[in-house]
Structures are given as structure tokens and as C-alpha cells.
Amino acid sequence: MDSLITAAALALSAGDALGALQRVALRDDPPALALRGIAMAQLGELARAKELLRKAARGFGPREAVARARCVVAEAEIALASRDLVRSPATLREARATLEAHGDRINAAHARQLEVRWLLLTGHVDEAARALEAIAPPGLPPAMGAVHELLAADIAMRRLRAKDLRAALERARTAATRARIPSLLAETEKAFRILDQPVARLFTRRGPRVASFAEVEAVLASKALVIDAWRHAVRQGRTVVELARRPVLFGIARALAEAWPDDVAREDLLSRVFGAKRPNESHRVRLRVEMGRLRRLLAELAEVRATARGFGLSPQQPTREVVVLARDTDGDDTVVLALLSDGESWSTSSLALALGTSQRTVQRALGTLAAAGKVQSLGSARARRWTASPLAGIAGFTPPLLLPVRLPID
Amino acid sequence: MKRQTAEIVREYGPFEGSPKVHGVTFDGERVWFAAGDKVTAFDPQTGREERSIGVPGSAGTAFDGRHLYQIAEDRIHKIDPKTGNVLSSIPAPGGGGDSGLAWAEGTLWVGEYRARKIHRVDPETGKVLRTITSDRFVTGVTWVDHDLWHGTWEGDESDIRRIDPETGEVLERLDMPQGTGVSGLESNGADMFYAGGGAAGKVRAIKRRRQNG
């Protein structure tokens with residue numbers, strides 16, 4: 001490593017990004033570009049930082065595969081921080097493999113944490129959990145250990161596992177305390193608050209109420225028949241009927257469950273599930289067909305019975321409760337708002353990717369939210385980014401992305 | 001060209017408070033190395049750190065028998081090793097892209113890392129007297145027995161090589177084990193090289209076989 005690169009790296013690791021930039025501002029060799037990229041990232045200039053790191057990666061020679069891989073990882077981290085999810089993580093995986101092959105364990109683990117983050121942001125919870133398991137936390141620096149546990153907490157949260165969530169947060173707090181990074185500790189403490197907040201609505205025989213994580217977990221562990229609007233499934237203990245790709249069937253199941261132990265009139269079902277204002281014969285035929293399908297799918301868990309005025313749900317064992325578990329609030333706009341609550345600026349395409357829905361749906365939701373003053377946008381056309389307005393008043397939970405402190409040049 | 005595997009005889013460090021080793025030199029008793037914000041000396045017999053002087057050291061280090069020369073950012077400082085005072089300063093020939101530094105026969109030899117060059121420089125004025133080109137990134141530079149040696153380090157590959165000071169032709173190579181880099185380089189005037197290990201924070205003693213003629 002040459003003299004000014006060393007001096008600039010020293011300045012950067014002491015938190016003096018401007019001092020680092022001053023030393024290499026006029027240089028365009030790859031290590032200088034990489035340093036400038038990291039310095040710009042630390043100054044919050046994410047777009048410029050990404051550009052510089054990409055140029056740096058391209059400039060490194062064939063013998064400098066590790067330096068190039070580190071640039072790719074740093075660039076991916078910045079892309080995640082700016083919620084640019086559209087780029088495929090394949091290049092990140094490739095870079096990770098290079099780092100592993102060259103024995104750069106720490107940067108390889110860091111790359112994998114970013115993969116987990118990408119998977120979580122795009123809703124691939126099981127894959128994220130598997131990727132996280134491939135990282136061995138012992139031997140990680142404390143700050144990375146804390147991020148590891150926050151990722152585990154995020155997974156537990158998405159799987160509605162209160163006990164795992166609490167345990168992961170306790171470990172995150174220990175690691176963050178050891179790392180002595182105030183922002184990381186603050187993030188951990190903020191995450192703890194989610195344990196006591198209402199996160200869901202439960203519809204029971206006694207009417208709807210809000211519930212915390214622990215209560216949600218208790219319901220899922222109980223013998224109740226749960227219509228899970230969180231993940232669009234009907235479950236009882238370990239038996240799960242996935243209806244994520246059958247929205248009509250799930251809609252019927254949910255309507256029946258909310259009415260339980262009463263039945264639902266045929267007309268109410270038609271208007272609720274098909275949006276039919278003036279139901280005709282073809283609606284009725286379709287409902288009969290869908291009912292038949294639902295009956296077969298739920299056979300093990302509940303009986304879908306025809307009543308004089310419509311349909312009703314009866315658990316196979318009459319003593320069982322029927323509970324609907326829903327998000328605290330429903331609707332596309334709420335979910336979009338929840339994503340924006342991480343305080344970052346998102347593009348429409350990244351939001352769509354994260355929600356597994358179309359850009360059109362996201363745009364519609366954003367339109368509603370913008371009209372209500374809950375979100376605001378910056379830029380126009382493809383560069384347009386959305387953020388939650390400070391008045392939206394929602395609590396977020398986002399494990400922090402610590403912008404790289406390990407320099408790509410070493 | 002003779003080619004061998006470098007024989008690492010001993011490793012020193014990592015040293016407390018010095019995560020990285022940049023330049024390395026030898027004053028006849030102690031090995032000095034540049035550790036970023038200071039220059040540190042240790043006894044190669046015991047491996048114990050003996051003293052540190054608070055001058056910036058971001059690349060090569062050399063010793064002329066009385067003074068230390070130290071590359072800091074884009075300057076080469078002449079330093080009194082007893083007091084740590086900077087006595088004078090000249091611009092570094094690579095403008096900050098400089099890496100290794102050696103003293104020989106009244107002139108300074110400076111490696112320019114990514115430019116793959118070695119410059120011979122007037123120690124009073126900083127004027128470049130001559131430039132040799134290498135085919136690898138140049139790290140440490142040293143003279144021993146009238147031979148010019150330099151370290152190379154590109155990515156995972158690193159070696160210590162003797163080159164013809166006139167033509168730059170590679171005459172002899174000691175290959176470092178994969179992933180073991182050479183930042184600074186100095187000979188002890190006898191049968192040993194001291195090689196800085198960069199981010200590994202180590203100084204390695206490497207056997208040098210005498211020429212047979």
C-alpha cells in the first residue's frame with residue numbers, strides 16, 4: 001500500500017472522512033477510488049459513493065480479486081442502505097465466495113449479512129434464516145455480532161416468535177454493549193420496544209382486540225384454529241394450510257372465521273369476497289365452486305357447513321376456539337408505510353420487490369398515503385424516492401446497516 | 001533467474017497499538033518500522049518493543065547510519081532518531097504513491113507502488129536522478145552487498161526479488177507463501193531480511209543466502 005492511501009485510510013478509520021478525501025481527492029487509481037467511495041458513503045453521499053466503488057472494482061487487476069470483491073461488498077452495502085433492492089444479489093454472492101476462498105473470513109461474513117438483509121427486505125424469510133445460520137458468530141467483531149443478532153431478531157419477528165425475538169435482542173444488547181457503538185446500542189433498545197407494542201389484531205368470539213408479540217405467539221401455540229392473515233394461512237398447531245396463492249379462498253375463510261360461531265349470509269360473502277354489489281347467478285355458482293375447494297383444503301381442520309342463509313365454520317373439535325390473526329392495520333398502504341418507517345428513501349420498484357406486489361399497487365398505495373400527508377417524495381421519474389413523512393407517527397424496526405469500516409484496500 | 005521459496009525464520013509482532021506495518025529499517029541494533037502515526041523500534045534478539053517516536057509513518061523507512069528517513073503522506077522526512085525531531089523534508093517522487101525507501105551510497109531509493117517503479121533520489125533536494133521499472137507493484141526497497149532488492153505485493157501474491165539496478169531485469173526471486181505480503185523491506189547487512197507484513201501487523205525475518213560469486 002502506498003503512502004497517501006495509508007494516511008487516508010488512517011484518517012478514515014479515525015472518523016475523519018474529509019481528511020481522507022483531502023489526501024486522495026485527485027487520484028483515480030483503484031485504491032484511491034475505493035477510499036473516496038467509503039468516505040463519501042460515511043458523509044451520506046450514497047449515489048456518488050456507489051459510483052466510485054464500482055469504478056474502483058473495475059480498476060483492480062486480475063491479481064487483486066480480494067480488493068475487487070471488497071469493493072463489490074461495500075457497494076452492495078450502500079445499495080441496501082439506499083434501498084436499491086433491484087440489483088440481484090448474485091454479484092454479492094460471487095464476491096463472498098472470492099473472499100471465502102482467500103481466507104478473508106470477516107469480510108465474507110459481512111457479505112453474507114448483507115445477503116440476509118436483502119433476503120429479509122424482499123420477504124424471503126426462510127432463505128434469510130438459512131443464510132444467517134451459515135455465519136458462525138463466535139470470532140466476529142462485536143459490532144458484527146450485534147448486527148448478526150439483530151438480523152436473527154428480525155427473522156424471529158417476521159416469524160412471530162416472541163421468545164426467539166427476545167433472546168436474540170438480549171444477545172444483540174450484549175454484543176452492542178461490547179462494541180461500544182452508541183448508534184448500535186440505541187438501535188437495539190429501540191428494537192426491544194417492539195416486544196411491548198401492539199403488533200396485531202385478534203378477532204375472537206369476544207370481538208376484535210390488539211395484541212402484542214407474546215400474545216400472538218401464545219395464540220399460535222394454543223389449540224385454537226387460527227386464520228392467519230399475516231401470512232395467509234389457516235393453521236392449528238403444526239398443521240398449516242397455505243392460502244397465500246388463493247386469495248379468494250383465504251378471503252372466504254377469514255370472513256367465516258370472523259363471524260364464528262355464527263354463520264355468514266351468502267350475499268355478504270359475495271359482496272365481501274367478489275366485491276359483487278348486485279350478485280347474479282354466476283357469482284353464486286362461483287361461490288359454490290370455491291366453497292367446495294375450501295372445504296376440501298380445510299377438511300382436516302374444520303368443516304365448512306352450509307346453513308339456511310349461507311355458510312359457517314366449525315372446527316373439527318367443537319371445543320376449539322377460532323381466531324383471526326391480522327396485522328395491526330390492513331391494506332397495501334399500511335404495509336408500504338411500515339416499510340418506509342425505516343426512515344430510508346425507497347424507490348417504487350424496491351417497494352414492489354419488498355412486498356412481492358406490482359409497482360402499480362405500490363403506486364396506488366403511495367398515492368393514498370401522499371394525499372393523507374403520510375409520505376413524501378423526492379426527485380422525479382425513475383429517480384423518484386419515497387420516505388415516510390415525519391408526521392406519519394409510526395414505529396419502525398430496522399437493524400442498522402453499519403456502513404463499511406473495513407476498507408476494501410488492505 | 002534463480003527462484004526459491006522464501007524461508008521465514010522468525011516472526012515478530014503483532015505489536016500492541018500498531019495494527020499495521022508499513023516501512024521497515026535496521027540501524028545495526030534495532031529494527032524500526034512505520035506504524036501509521038508513529039515509528040517504533042524493537043530488538044530483533046528479544047522481539048521486545050524498545051521505543052517509539054511520534055512521527056507520522058505511512059510508508060517506507062530508511063537509515064543512513066545517523067538519521068532515519070520516513071515517508072509520510074507525500075513527503076520524505078529526515079528524522080533524528082534520538083529526539084524524534086524532523087530535521088528536513090523533501091517531496092516524495094511518487095507524490096504520495098510512494099511505498100518503500102532505502103539508503104545507499106549517498107542517495108535515497110524510493111519505490112512507487114502501483115506505478116511499479118523505483119526512483120533514485122537526491123536526499124537534499126528530492127530531485128529524481130534515475131528511474132527503474134519493475135513488472136510488479138513495488139513495496140519495500142533495500143540494498144545489500146551492492147545488490148538492489150525489492151518487495152512486490154499484488155493481491156495475494158508477494159515476493160522479494162533482486163533486480164539489475166541498471167536494467168530492472170529480475171535476477172533472483174524469493175516467493176512468499178500465499179497470502180503473506182511484504183510491505184517494508186530491509187536487510188540486516190548479513191544473512192537476513194526484515195519484511196513488514198502490512199495489515200498482518202508483523203515483521204518477518206527471512207533467510208538470505210549469500211551469493212557464491
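Numbered from 1 within each chain, the chains take letters A, B, ... in sequence-line order.
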Legend entry - Listed once per pair and sorted, the salt bridge (Lys or Arg N to Asp or Glu O under 4.0 Å) pairs that draw on residues 61-70 of chain B, sequence neighbours left out: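 Output for this query is empty, none listed.
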
Is any side-chain heavy atom of [X] less than 4.5 Å from a side-chain heavy atom of [Y]?
| X | Y | answer |
| --- | --- | --- |
| B:W153 | A:R63 | no |
| A:P31 | B:R114 | yes |
| B:E73 | A:R23 | yes |

Inset, instruction - Give a yes or no answer on whether the side chain of B:S58 reaches the backbone of A:A7 with a donor-acceptor pair at less than 3.5 Å. - result: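 Pair absent, no side-chain N/O of B:S58 close to backbone of A:A7.
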
Inset, instruction - Measure distances from B:A34 to the heavy atoms of chain A and classify the residue's part below 4.5 Å as side chain, backbone, both or neither. - result: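 Interface part for B:A34: neither.
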
Inset, instruction - Give, as side chain, backbone, both or neither, the part of B:R75 having an atom under 4.5 angstrom from any heavy atom of chain A. - result: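 Neither part.
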
Legend entry - Exceeds 12 heavy-atom contacts within 6.0 angstrom, atom CZ of A:R178: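 Incorrect, the count does not exceed 12.
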
Legend entry - For chain A, the option from B:T139, B:D156, B:D74 that forms the most heavy-atom pairs under 4.5 Å: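 Among B:T139, B:D156, B:D74, the one with the most close pairs to chain A is B:D156.
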
Inset, instruction - Report the distance from atom OG1 of A:T6 to atom OH of B:Y113, rounding to the nearest 0.5 Å. - result: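 These two atoms lie 9.5 Å from each other.
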
Legend entry - Interatomic spacing from CG in A:D2 to CD in B:E112 - rounded to 0.5 Å: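 So the CG of A:D2 and the CD of B:E112 are separated by 8.5 Å.
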
Inset, instruction - Provide the closest heavy-atom pair for B:G36 versus A:L10 in the form atom of the first, atom of the second, distance. - result: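 Between these two residues, the closest heavy atoms are C-CD2, 3.8 Å.
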
Inset, instruction - Evaluate side chain to side chain contact (heavy atoms under 4.5 Å, CB included) for B:E154 paired with A:F60, printing each intermediate quantity in order. - result: CA-CA 10 Å; B:E154 265 187 71; A:F60 281 115; over 6 Å; no

